[in-house]
Amino acid sequence: MLTLAIALLIFTASMAYSQIKRMQRSAERVARTYQVSDAIGTLFSHYFRLESEDFREELLEEGRFEENLKDYMAEGIIVFDSLHGLVRGNASQLKLLDDIQALEDTLYENLVFAGDSINGNAKIVKGHSFPTRKISSTLFQIRNINDLMRAEERRLMQARKNEYSSNKFLAPLTTLLLGFFALFVFLVSFLLIYRNKLRVRESQAFLQNVLDTTDNIVNYYEPLFNSEKNIIDFNIVYANECNRSYLGLDPEKIIGKPISRVFPHLMLNGEFEQLIQCYEENRKLILDREILAQAGKMWFESIITPMADGILVTIRNFTEEEQVKEELVSLNERLKDQNDELLKLNQEFQIQNSIFKDAEIVAGIGSYIWHLDDGSATMSDNLYRILGYEPDSFNVSYQSYRKFIHPDDLEIYDRLGEETVEIGKSTIQNYRVIDRKGKIKHLYIKGEYVEKEGRPVSFGVVQDITSRVAKDEDLRLRNLELERSNAELQSFNQVASHDLQEPLRKIQMFISRIAGNNALSRNDGEDLKKIGNSAIRMRSLIDNLLNYSRIDFKHENFEKIDLNIVLAKVTEDLSVRIDETGATLAVDKLPVINGISFQMEQLFDNLISNALKYSSQNVTPHLVIQSEKVDCEQIPHTFYKTAKYFYKMTFADNGIGFEQDKAEKIFEVFQRLHLKSEYSGTGIGLAICKKIIENHYGFIYTTSEPGKGSVFVIYLPA
């Protein structure tokens, strides 16, 4: 429609131009007519001057006749040629001009004869009879032609004026009508485009809703290039909510980040190169991946589709299918072992049919065919078994099957039937049945509509999902139990933070009062001191337990943390102990990470405090803290690596050290390598450190040797 509108506008402009050109030509022809009329007047005035006595005297001036006659004839030729050029294309006028030219020749001959006669006989006197009779006759004929030419020009003038008036009227009217029509077409086109735009918006909203509700991860990446136009990474442009459901990633936080940081596993095993190849060769790619996530082993199928500016990645979670497949494979293998002899005796068709039936039994699946026009139906053998009957033990129809439906689900079953009959399918997929033994079973139904031999038919499969529902219910109850346990733990935290510490504070207060009594014996004072130290250790233990229990795996509070600032704060808090021991610290420039600030402070405090606490006698404590950035492939230890690069930080001291076989034990709660009489502590500090590191997707381990100090190594995502 827009093209038509533009074409009409161009046509209107061309028509207007044509009308204007016609008006211009009409105006030029009218002007030409005026010019012709003027030229005719000029020409015939030239001839009729011979009737003027003054001109005759001038022409016949003595001694100048021949010269004056030549001038007169030359003037006539000029005027005649001018008129001849103006009437070119008008045959009638040209014919009259040819007649004029013949008469002109006669006239000039008569003039020559008359001039010779007069000049040869006597002088010219005023009033001499001139022109001669022949000249007068020629002028008379010329006058008649003059009248004819003027009449012709008047006729042409009238016709051309009429033509001009017609063009003058039609040109603006035609332009106006065509302009209005083009405007009408343009408005209609605009309305159609606007309506289509609304449809596009509705489609976009529908697509967004689909992306938000789909069970698949849908991401869109655009390539990042270096100066040589080579792809070095992909930027995440779009990510839907399933990233949060399956991977624990907030879509809003990962958008705008490179995949090398968010999905570092894509940079391994050549998968990143396959993504580049998919984009550059415009070729669809399908990848299957097995990963170990928090929920356990999971399977994902990635469908990578190249697009104009990037690649669309649709990731389908088929973990349940793989688990079922593994179970089916295992069960099928057992069944095949038991039925080898039978399989050898059957033909190929029977083999395939048996495998299908066995698969139905293994998966708890049955199939059906339901004729929608009369309600008759057939069921597979295993669907009979699901209901507790032998195959073909009763006739199946929509109504006969209804007696198995749980009373509370009869309304659902009836609605399923009505929807299927009306539109060929139903949104209802789950209902309960009561089998022959009175056992309630949960069924999942999936049907399709076809026309078979001209009859409407619904066929599909029915799966017994009773065990799955039971597992879901068990999981729900376990979650409720976990919530209850968490509530109890929270209650314990409150008790530990207040009720347990209050008696300790009172014990310490009473000890301080009794210690001020000078009447106490030396042994009593020592006992009170031991009681006070025990109360202090108990309070420290409670504080550490609270700190350990409060470390969780929520990452909403992650922020940019400058570890140099964290170290400065911790060393300031420990400045008194550092001064007392004379300890020295050698520190590299530390990185900036994403994390929780107070947990990093607790981590540094525990590691530095341990280095000061477990120092060798008569040796000034010295702690070296170093940092470097390493590729994840350089890390020899096995843990879930969420980034391409990690910061490796080492805390190396010159303390008493320990046996290397105790390296893992020291990170467990309440694990001590020394008696509390030798070194104070609760045995929780390093357990807190490990939990903090794991909360930040990192890894911690230690190496040590008695008498030669210890080295604690930490990996945190860069």
Please check: side-chain N/O of [X] versus main-chain N/O of [Y], any donor-acceptor pairing under 3.5 Å?
{"X": "S82", "Y": "I78", "answer": "no"}
{"X": "S302", "Y": "I315", "answer": "no"}
{"X": "Y246", "Y": "D215", "answer": "yes"}

[X]-[Y] side chain donor-acceptor pair, cut-off 3.5 Å:
{"X": "D233", "Y": "S260", "value": "yes"}
{"X": "Q101", "Y": "D105", "value": "no"}
{"X": "N196", "Y": "Y194", "value": "no"}

Worksheet item: When you measure from the centre of the six-membered ring of Y449, is the NZ or CZ of K425 under 6.0 Å away and within 45° of the axis?
Response: no

Discussion item. For W370 and Y398, I'd like to know if the aromatic rings sit close, meaning centre-to-centre distance below 6.0 Å.
Written reply: yes

Worksheet item: How would you list, by chain and number, every residue that makes a side chain to side chain donor-acceptor pair (under 3.5 Å) with E280, sequence neighbours excluded?
Response: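 For E280, no residue satisfies side chain to side chain donor-acceptor pair (under 3.5 Å) once neighbours in sequence are set aside.
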
[X] versus [Y], closest heavy-atom pair with distance:
{"X": "P306", "Y": "C278", "answer": "CB-O, 3.6 Å"}
{"X": "Y368", "Y": "V461", "answer": "CE2-N, 3.9 Å"}
{"X": "D309", "Y": "P223", "answer": "O-CD, 3.3 Å"}
{"X": "L83", "Y": "L97", "answer": "CD2-CD2, 3.5 Å"}

Worksheet item: Looking at residues at least two apart in the chain, or sitting in another chain, which of them share a ring pair (Phe, Tyr, Trp, His ring centres under 6.0 Å) with Y220?
Response: none

Worksheet entry | Under-4.0 Å salt bridge between R455 and D374 | yes

Discussion item. Going by the rule salt bridge (charged side-chain N to carboxylate O under 4.0 Å, His left out), which residues pair with K95 if we only count those two or more places apart in sequence or in a different chain?
Written reply: D99

